[in-house]
Amino acid sequence: MSLYDPPAESRRATPPDASAQTAANPVTALREALAAERWSEAARIIGSTWGMLIEEFPVDLDAAFEVLPLESVRTVRGVAAVREIWLSTSIEPQHVVPAEAPTPPMEFAGSLNHPDARHQALNDLTLTSVHMIAARIGGRYAEALEHARRVETLGHLVEATVPAARRVRHPLALLQAGITRALAGDIPGAVPMLQSAYERSPYGRSDYVAKGAAGNLALFNAICGDLDIARRWLARHDEIPSTSSPHTERVLFTGDLARALVAIEALDNDGAEEALSRLEQGVNVEQSWGPVLTFLHARHGLVWGDRHRALSWLQRDTDRYAQRLGPASTMRPLLAAAEVDLLLSLGRGDQALARLNRVAPDPIVTATRARLELLAGRPDEAARLAAEVTDVTHTSRIRLEGLVVQATAAVRSGKSRHAREAFVLVQETVRSTEARLPLAGLAESDRQALHALVGATARDAERCPLERPMFPSEITVVRLTNQELLMLRGLASFQSQKELADAVYLSLNTVKTHLRAAYQKLGVSSRAEALTVASGAGLL
């Protein structure tokens with residue numbers, strides 16, 4: 001994560017001052033400042049050379065933060081954010097102390113031709129980057145995304161006003177901003193930044209930028225369902241030799257995440273298991289990748305593994321990473337959809353519907369809801385929901401899942417022409433993206449009917465044979481009205497029917513009517529049975 005840029009040697013004949021000595025040998029200057037207990041000077045050195053210290057001299061950074069008074073950390077711009085990064089990547093996560101510090105305003109933007117403005121652009125690029133990384137590591141994605149946008153603006157400013165020899169911070173800043181955008185729900189905005197980091201990596205100081213950019217591009221293209229593009233970036237990632245750096249493990253980690261996801265989505269179990277065996281998230285690996293790893297295990301469990309265990313782990317990790325799964329998180333809707341798929345695969349339609357009802361609207365969630373409606377015997381509603389995500393340009397993953405539901409809903413409704421048109425598009429998408437997992441969700445009877453409609457264009461390679469079906473051919477879902485749910489939740493709160501009627505301003509007879517309807521839908525005859533069944537279905 002280094003953004004350190006050693007300035008050119010001074011041309012003055014006079015002896016260098018303290019700041020020049022710091023620039024020439026910041027580690028020595030830091031050690032001397034700490035030995036003499038010049039805390040403010042030590043903090044300033046960390047603030048200006050933090051990236052180099054994290055990357056090349058982590059032991060010295062550890063020693064500095066062990067003794068630096070908190071007041072010195074708070075008063076020097078950016079050092080609090082450096083400390084947050086250091087805490088998050090060096091020791092146990094429960095020891096992390098959030099470090100809040102505002103990003104500097106871009107007041108210099110009106111005088112770009114002034115030499116001081118150019119120097120300020122470099123300084124602010126470093127400062128904004130450290131706040132961005134600290135916010136991302138802390139799971140504050142909305143804040144991190146704002147910093148990423150500022151890094152992009154500052155990057156353009158640096159390229160336009162700063163000599164090429166001084167732009168060595170820029171490639172790594174682009175890499176970190178691209179990762180931040182992708183994790184904060186903006187993969188379309190992240191891809192060009194990661195590509196720019198890859199292209200500009202020869203001009204940077206850190207050798208791992210190109211490999212890191214290629215690995216992240218592979219991962220996020222795979223998340224979007226574009227396995228063909230992901231494979232090309234993985235090939236570039238593998239061609240770049242690994243360098244000896246504290247960040248080597250992190251760079252290789254994202255590459256292995258991509259490799260595992262590509263194998264899972266292409267239904268390559270051997271490749272998936274081999275890649276997953278190398279993925280164990282250590283304490284010093286940025287925890288932002290935790291939800292991605294959870295998603296991989298959930299997808300693998302859905303197709304080949306122990307689904308009960310996969311569901312248990314996913315639900316545990318969703319609680320564990322709750323801070324990182326806010327509204328701005330890329331992984332929040334993906335994990336929710338993965339949980340619903342596991343519930344559907346186990347025949348728990350009621351729990352799947354309850355989980356969907358607790359998730360904010362999102363295209364991948366809509367595609368998953370369409371699948372639930374299809375399995376619940378409502379093909380027309382399933383087709384309507386699937387059309388919402390296929391008629392609008394979304395990711396290849398979402399579009400393919402929607403098309404599969406559309407084709408299946410049409411064939412179950414006897415609409416042969418619509419089924420054939422949708423399935424032809426499914427086959428074209430599978431051939432172009434190489435993503436085959438959504439096809440594996442087809443019931444065998446539906447697959448045979450669709451292949452019969454398209455005739456000779458069907459290929460054996462697209463049949464996706466598996467040892468077990470991914471989903472049951474149909475599921476049962478209890479659909480309670482809002483009033484019926486309200487009555488059951490009142491009973492769960494130990495209210496009597498009379499107390500419940502008074503609380504919701506309804507007559508006692510109306511409450512009894514709603515409860516009778518709820519009991520009938522749940523297939524029960526008593527309060528105790530109703531609460532047991534409703535709780536097991538996730539309705540309460």
Side-chain angles (χ1 to χ4, degrees), residues 182 185-191 217-233 258 261-262 264-267 295 299 302-303 330-338 340-341 344 356 359-375 379-412 415 417-442 446-447 450 453-454 457-459 461-462 464 470-471:
D186 185 17
I187 293 180
V191 168
L217 282 163
L219 173 61
F220 292 116
N221 275 290
I223 286 176
C224 290
D226 296 309
L227 305 193
D228 55 329
I229 301 174
R231 282 195 173 103
R232 290 199 289 272
W233 280 111
L261 184 55
V262 167
I264 292 168
E265 300 294 329
L267 296 182
F295 177 70
R299 295 290 277 182
L302 177 67
V303 186
T330 293
M331 297 311 301
R332 180 187 189 185
L334 286 169
L335 285 179
V340 171
D341 280 344
L344 291 176
L356 282 170
V359 183
D362 187 90
I364 189 65
V365 173
T366 301
T368 306
R369 187 182 289 274
R371 179 158 46 250
L372 181 147
E373 297 293 354
L374 177 68
L375 298 179
D380 291 342
E381 177 64 8
R384 184 190 69 79
L385 291 169
E388 285 186 16
V389 293
T390 56
D391 292 345
V392 180
T393 302
H394 289 300
T395 65
S396 297
R397 171 189 296 278
I398 297 170
R399 185 170 182 272
L400 178 57
E401 293 198 4
L403 285 170
V404 169
V405 171
Q406 274 190 313
T408 311
V411 81
R412 290 190 180 187
K415 301 175 182 177
R417 182 174 65 84
H418 291 108
R420 184 183 186 283
E421 291 174 352
F423 196 59
V424 167
L425 290 175
V426 166
Q427 291 183 310
E428 291 175 355
T429 305
V430 170
R431 283 193 289 269
S432 64
T433 64
E434 303 178 13
R436 300 172 62 210
L437 193 150
L439 273 177
L442 288 170
D446 294 327
R447 180 181 292 109
L450 289 167
L453 288 175
V454 297
T457 61
R459 299 184 178 184
E462 294 166 359
C464 306
M470 190 182 298
F471 302 111

* First locate atom CG of Leu335, then atom CD1 of Ile364, and finally report the distance between them rounded to the nearest 0.5 Å. => 11.5 Å
* Straight-line distance of Leu403 CG to Thr408 OG1, nearest 0.5 Å -> 10.5 Å
* To do: Decide yes or no for Met470 and Leu437: does some side-chain heavy atom of the first lie under 4.5 Å from some side-chain heavy atom of the second?
  => yes
* Are side-chain heavy atoms of Thr433 and Leu227 found at a separation under 4.5 Å? -> no
* Structure fact -> For Ala407 and Ala419 the tightest heavy-atom approach is O-CB, 3.7 Å
* Asked: Which heavy atom of Ala409 sits nearest a heavy atom of Pro379, and at what distance?
  -> CB-O, 3.4 Å
* Is a salt bridge present between Glu373 and Arg384, judged by a nitrogen-to-oxygen distance below 4.0 Å? -> no
* Could you go through the salt bridge (charged side-chain N to carboxylate O under 4.0 Å, His left out) check for Arg232 and Asp226 one step at a time? => CA-CA 10 Å; Arg232 290 199 289 272; Asp226 296 309; over 6 Å; no
* Asked: Any donor-acceptor pair under 3.5 Å linking the side chain of Arg397 with the backbone of Ile223?
  -> yes
* Apply side-chain contact (heavy atoms from CB on, under 4.5 Å) to Arg371 and Val340, showing your working. => CA-CA 10 Å; Arg371 179 158 46 250; Val340 171; over 6 Å; no
* Mind running side-chain contact (heavy atoms from CB on, under 4.5 Å) on Phe471 and Leu374 for me, showing each step along the way? => CA-CA 11 Å; Phe471 302 111; Leu374 177 68; over 6 Å; no
* **Ser432 to Asp228 - nearest heavy-atom pair and separation** => O-OD2, 2.9 Å
* Distance, nearest 0.5 Å, that separates CD1 of Ile398 from OG1 of Thr390 -> 11.0 Å
* Residues in side chain to side chain donor-acceptor pair (under 3.5 Å) contact with Asp362, at least two apart in sequence or another chain -> none
* Asked: Can you list the steps and then say if Leu334 with Met331 is a side-chain contact (heavy atoms from CB on, under 4.5 Å)?
  -> CA-CA 5 Å; Leu334 286 169; Met331 297 311 301; 3.9 Å; yes
* Structure fact -> In short, Leu385 meets Ala370 closest at the heavy-atom pair CB-CB, 3.7 Å
* Asked: With side chains defined as the heavy atoms from C-beta onward, is the minimum distance between Val430 and Val426 less than 4.5 Å?
  -> yes
* Student check: side-chain heavy atoms of Phe423 and Leu439 closer than 4.5 Å -> yes
* Structure fact -> Closest heavy-atom pair, Ala222 versus Val262, reported as atoms and distance to 0.1 Å, is CB-CG2, 4.0 Å
* Asked: Closest heavy-atom contact between Leu442 and Arg447?
  -> O-NH2, 3.3 Å
* Say whether, by atom type as modelled, one donor and one acceptor occur between the side chain of Thr330 and the main chain of Ala182 under 3.5 angstrom. => yes
* Asked: Would you call Arg369 and Thr366 a side-chain contact if the rule is heavy atoms closer than 4.5 Å?
  -> no
